[in-house]
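Right, one structure below, let's go through it.
The figures that follow rest on heavy atoms only: side chains count, while hydrogens, waters and symmetry mates do not.
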Amino acid sequence: MSKYAPLKEYLQSSRKARVPMTFGQLERLLGFRMPASSRAHRAWWANNPTGHVNSQAWHDAGFRSAEVEAERLVFVKLNHPDQCANPPRHPIFGAARGNLWLAPGVDLAAPADPEWADVVGTADARDLN
């Protein structure tokens, strides 16, 4: 049995899509102090379930780690309907909405250079030199 089994069991019993925790709460749950590397390296929290008993515990429970910062993190349920319907977005997403207008008749999929369009797909790289 993995020393991270209490975390797996805790997450499996949760009905929430997001489970926020502090490192202190996690240490009390596990019954031991987290390794120094968990505080110093974000990579310790990587969501790679193979070869790492820590990430295997939350992955096997159906979660991923997220928002690891200042000894706080959030475990996010994988494929939870709430997460799929409203994926987290960066605040800059949509900031320029409504500021760009295209002239009527502009086709963004049209080739920029009609002569190049005739060459693409038919030319060999040697023919272009």
Side-chain angles (χ1 to χ4, degrees):
M1 181 162 113
S2 166
K3 65 182 187 176
Y4 293 97
L7 173 60
K8 177 183 172 182
E9 293 166 8
Y10 177 78
L11 292 173
Q12 283 177 325
S13 68
S14 176
R15 294 178 182 242
K16 298 179 183 178
R18 296 171 53 85
V19 181
M21 295 186 87
T22 65
F23 282 25
Q25 292 169 324
L26 189 54
E27 289 172 340
R28 283 189 294 281
L29 175 70
L30 295 172
F32 60 87
R33 185 155 168 80
M34 298 293 292
S37 57
S38 70
R39 288 174 162 77
H41 305 289
R42 173 62 179 96
W44 194 92
W45 297 98
N47 292 298
N48 182 0
T50 57
H52 303 283
V53 293
N54 55 323
S55 60
Q56 187 174 1
W58 62 75
H59 185 268
D60 289 351
F63 284 79
R64 67 178 173 82
S65 64
E67 303 175 32
V68 180
E69 189 175 324
E71 296 198 13
R72 296 179 177 273
L73 75 148
V74 177
F75 290 105
V76 180
K77 188 166 257 184
L78 297 170
N79 301 321
H80 190 276
D82 290 346
Q83 294 302 316
C84 296
N86 300 309
R89 292 185 173 167
H90 192 278
I92 195 78
F93 184 82
R97 182 176 170 182
N99 292 325
L100 178 66
W101 299 92
L102 297 177
V106 172
D107 181 5
L108 293 177
D113 182 357
E115 291 178 16
W116 180 251
D118 295 336
V119 176
V120 173
T122 59
D124 189 286
R126 291 168 286 178
D127 296 337
L128 297 177
N129 291 330

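Residues passing the side-chain hydrogen bond (donor to acceptor under 3.5 Å, both in side chains) test with S55, sequence neighbours excluded: none. Every side chain to side chain contact (heavy atoms under 4.5 Å, CB included) that D107 has, sequence neighbours left out, goes to A109, A110. Scored by the side-chain hydrogen bond (donor to acceptor under 3.5 Å, both in side chains) test, D60 finds no partners at all (sequence neighbours excluded). Partners of F63 by ring-ring contact (aromatic ring centres under 6.0 Å, His included), not counting sequence neighbours: none found. Listed by chain and number, the residues in a side-chain hydrogen bond (donor to acceptor under 3.5 Å, both in side chains) with E9 amount to none (sequence neighbours excluded). In terms of the side-chain hydrogen bond (donor to acceptor under 3.5 Å, both in side chains) criterion, residue partners of R39 (sequence neighbours excluded) are, by chain and number, E27, E71. Applying the side chain to side chain contact (heavy atoms under 4.5 Å, CB included) test to V53 and every residue at least two apart in sequence or in another chain returns S2, Y4. For S37, the side chain to side chain contact (heavy atoms under 4.5 Å, CB included) partners two or more places apart in sequence, or in a different chain, are P35, H41, W44. Under the side chain to side chain contact (heavy atoms under 4.5 Å, CB included) criterion, A66 pairs with R64, V76, not counting sequence neighbours.
Taking both residues in full, the closest heavy atoms of S14 and K77 are given as O-NZ, 3.5 Å, listed atom of the first, atom of the second, then distance. Minimum interatomic distance between T22 and Q25 (heavy atoms only, all atoms of both residues): N-OE1, 2.8 Å. Pairing each heavy atom of L7 with each of L29, the nearest pair is CA-CD2, 3.8 Å.
Both M34 and L11 sit in one connected hydrophobic cluster of ILVMFWY residues. Membership requires side-chain heavy atoms under 4.5 Å apart, directly or through other members. Hydrophobic clustering of Ile, Leu, Val, Met, Phe, Trp and Tyr side chains at less than 4.5 Å, counting indirect connections, keeps L78 apart from L73.
A distance of 13.0 Å separates CG of L26 from CZ of R72, quoted to the nearest 0.5 Å. The structure places NE2 of H52 at 9.5 Å from CH2 of W58, a figure rounded to the nearest 0.5 Å.
Sorted by first and then second residue, the salt bridge (Lys or Arg N to Asp or Glu O under 4.0 Å) pairs involving residues 44-55 (not counting sequence neighbours) form an empty list. Note on residues 42-51: no pairs pass salt bridge (Lys or Arg N to Asp or Glu O under 4.0 Å), not counting sequence neighbours.
By the 4.5 Å heavy-atom criterion applied to side chains, M21 and Y10 are counted as neighbours.
Looking at N54 and W45, their side chains never bring a donor and an acceptor atom within 3.5 Å of each other.
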